[in-house]
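For reference, the structure is listed below as structure tokens.
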There are 2 protein chains.
Amino acid sequence: MAQTESAEKSGTRAEMREETERAILDAAEVVFAEAGFGGATMQAIADACGLPKANLHYYFASKEKLYRRVVERIFMIWLEAADSFDTEAEPEIALRRYIARKMLLSRDYRSGSKVWANEVMHGAPIIQDYLETTLQAWTETRVAVIRRWIAEGRIAAIDPKWLLYMIWATTQHYADFAHQVETLNRGPLTDAQWQDATETVCGIVLRGIGLDPGAPR
Amino acid sequence: MAQTESAEKSGTRAEMREETERAILDAAEVVFAEAGFGGATMQAIADACGLPKANLHYYFASKEKLYRRVVERIFMIWLEAADSFDTEAEPEIALRRYIARKMLLSRDYRSGSKVWANEVMHGAPIIQDYLETTLQAWTETRVAVIRRWIAEGRIAAIDPKWLLYMIWATTQHYADFAHQVETLNRGPLTDAQWQDATETVCGIVLRGIGLDPGAPR
DNA sequence: AGAGACCTTGACTGGTTGGTCAGGTCTGCT
DNA sequence: AGCAGACCTGACCAACCAGTCAAGGTCTCT
């Protein structure tokens, strides 16, 4: 019973190791999201993925190393999505696509978003270097693009940073504050609500910077 | 030395008690904001306000009770600010005033905002009742007002909830994600930047729902 | 089949934390 | 002055937690 996991077909050694690590990372992401780094316990993570606590320490040297891996994984997903902000496309298209993508992430990677929020909120002790390098660089390229749009008179003259923050904040709100949103909504958002919220956010942002949102969809 | 606090003139018994409690709450707010509930220790809070740990337990029965008081205090401040959303005023005025007020709160009560965000993000285990009663009620009155504006054709037809979330998210972002904002900004926001950010948020939101932002200020 | 690497796990440990308490100090009142 | 009650605090404790370990199981390769 031991080696082979419950419902998983056993593959090669490396495959199984990867699978187990992913199972632990998934469980850790949820537990860290629910309780924060300090509030999470290795035992809780172990329970969440049905492994003895000692196994976690076999695959990840320490709680902090495990946490770092969780945060890094989130950041990678976030970065991929960031590329949907196409620097070549028209402003309406680029912004619409980016906002829609981020809304999808908020719906599908709620825990990940929460872990990231937690980390940044507590001063980013683990991933400060990412903020200063990767995120900084990405932000600067997009700021440059938005500035170009402004220079070309295509959108209103605003500081691009405030616009980006607005998009990040609004979209991530649906993940980080999901509990509040769902309480006020008396239940989870329906597909139609997700779509309507996305369309509304796009509409306000686009119109807000002087663009014509055009036809929804 | 004991009874009288360092630089505080001793007042009446009740006054001194209140002062000490406030000092503890202030320290607790900062520590909880930095480390989360689980990560915060009573010792750290004690150190932050220069009192022996045992004193904290004299004034607050348990860590959880102290935390609850901290969160309740935040919520009250938040509620007060919420009243600047004047249900009688013109849409431009009411929204402008509300957004500006919330931006100010983000600047001046950063720790409080973080504690609130933490609490909600972790499923609001302590203040679920507030969400369901006070916040629900407040939200409904404002939703009704926004609906009226829509019915009168004064603003675009959008679901008011998405608008409120956008305002909450965007303004609170400057507190909760202050570390990220300041990293990307390579330093704290200047007064001028705060003002510019506020104006930009107001502008995008107002224009976004079909209003004329009018003259800044 | 046998060796050796890899994996699993219950039991254990040293350190930390929330919370307690007894004994002391101070304040305001009579 | 003297007393009662509020306030302060160092020392202590039980619970909990990250991390360790040794013993045993399983897989792969020859």
Side-chain angles (χ1 to χ4, degrees), chain A residues 1-25 27-29 31-32 34-71 125-126, chain B residues 1-25 27-29 31-32 34-71 125-126:
Chain A
M1 156 185 69
Q3 199 88 328
T4 49
E5 254 303 299
S6 46
E8 293 158 5
K9 289 153 192 69
S10 54
T12 70
R13 216 75 192 246
E15 276 169 5
M16 287 185 55
R17 179 167 191 115
E18 212 166 327
E19 244 173 59
T20 309
E21 281 186 8
R22 202 168 47 75
I24 295 173
L25 285 170
E29 187 172 302
V31 174
F32 281 134
E34 296 303 320
F37 179 80
T41 68
M42 293 298 271
Q43 189 59 62
I45 297 170
D47 293 347
C49 58
L51 260 53
K53 182 166 72 88
N55 275 33
L56 270 54
H57 280 99
Y58 176 76
Y59 286 98
F60 299 91
S62 68
K63 184 184 179 185
E64 204 173 309
K65 289 234 177 67
L66 171 57
Y67 177 72
R68 180 181 260 275
R69 284 283 301 275
V70 169
V71 175
I126 305 288
Chain B
M1 158 184 69
Q3 200 87 327
T4 49
E5 254 303 299
S6 46
E8 292 156 7
K9 288 154 192 68
S10 53
T12 70
R13 217 73 190 248
E15 276 169 5
M16 288 184 56
R17 179 168 193 117
E18 212 165 327
E19 244 172 59
T20 308
E21 282 187 7
R22 202 167 48 74
I24 295 173
L25 285 169
E29 187 173 302
V31 174
F32 281 133
E34 296 304 318
F37 179 79
T41 68
M42 294 297 272
Q43 189 60 60
I45 297 171
D47 292 347
C49 59
L51 288 167
K53 182 165 71 87
N55 272 33
L56 270 54
H57 282 98
Y58 177 76
Y59 286 99
F60 300 92
S62 68
K63 185 184 179 185
E64 203 172 310
K65 289 236 176 67
L66 171 57
Y67 177 71
R68 178 181 263 274
R69 283 285 300 276
V70 169
V71 176
I126 305 289

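Reminder, nothing fancy here: chain letters follow the sequence lines and each chain counts from 1.
- Dashed line: the shortest gap from a side-chain N or O of A:R17 to OP1 or OP2 of C:dC6 is not under 4.0 Å.
- When all heavy atoms of A:I24 and A:I45 are compared, the closest pair comes out as O-CG2, 4.2 Å.
- Separating the CE atom of A:M16 from the P atom of C:dC7 is a distance of 9 Å, rounded to the nearest angstrom.
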Q. B:F32 and B:K63: side-chain contact (heavy atoms from CB on, under 4.5 Å), yes or no, with the steps?
A. CA-CA 11 Å; B:F32 281 133; B:K63 185 184 179 185; 4.1 Å; yes
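- In this structure, of D:dA18, D:dT9, C:dG18, it is D:dT9 that holds the atom nearest to the side chain of B:P52.
- One finds the CG atom of B:L51 at 11.0 Å from the CE atom of B:M42 (value rounded to the nearest 0.5 Å).
- The nearest whole Å value for the distance from the NZ atom in A:K63 to the P atom in D:dA18 is 5 Å.
- Between the CG atom of B:L51 and the C1' atom of D:dC7 there is a distance of 12 Å, given to the nearest Å.
- The CD-C1' distance, from B:E18 to D:dA6, rounds to 16 Å in whole Å.
- Regarding B:M42, its CE atom lies at a distance of 21 Å from the P atom of D:dC12, rounded to whole Å.
- Within the nucleic acid shown, A:A46 has no heavy atom closer than 4.0 Å to any nucleic acid atom.
- In this structure, B:H57 places its NE2 atom 13 Å from P of C:dT17, rounding to the nearest Å.
- At the heavy-atom level, A:A44 lies nowhere under 4.0 Å from the strands shown.
- A straight line from CD of A:E21 to C1' of C:dC7 spans 13 Å, rounded to a whole angstrom.
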**Q.** Residues B:K53, B:T41; criterion side-chain contact (heavy atoms from CB on, under 4.5 Å); working and verdict
**A.** CA-CA 10 Å; B:K53 182 165 71 87; B:T41 68; over 6 Å; no
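- Considering all non-hydrogen atoms of both residues, A:L56 and A:C49 come closest at CD1-SG, 4.4 Å.
- Among the atoms of the strands shown, only primed sugar atoms or phosphate atoms (P, OP1, OP2) are found under 4.0 Å from some heavy atom of B:Y59.
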Q) Base, backbone or nothing for each nucleotide of nucleotides 11-16 of chain C, written B, S, -, heavy atoms under 4.0 angstrom, 5' to 3'? A) ------
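- The separation between A:K65 atom NZ and D:dA18 atom P is 16 Å, rounded to whole Å.
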**Q.** Worked verdict on B:L66 versus B:L25 for side-chain contact (heavy atoms from CB on, under 4.5 Å)
**A.** CA-CA 7 Å; B:L66 171 57; B:L25 285 169; 3.8 Å; yes
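- A salt bridge links A:E21 with A:R17: at least one charged nitrogen is closer than 4.0 Å to a carboxylate oxygen.
- Phosphate contact (OP1/OP2 of C:dC7, side-chain N/O of A:Y58, threshold under 4.0 Å): present.
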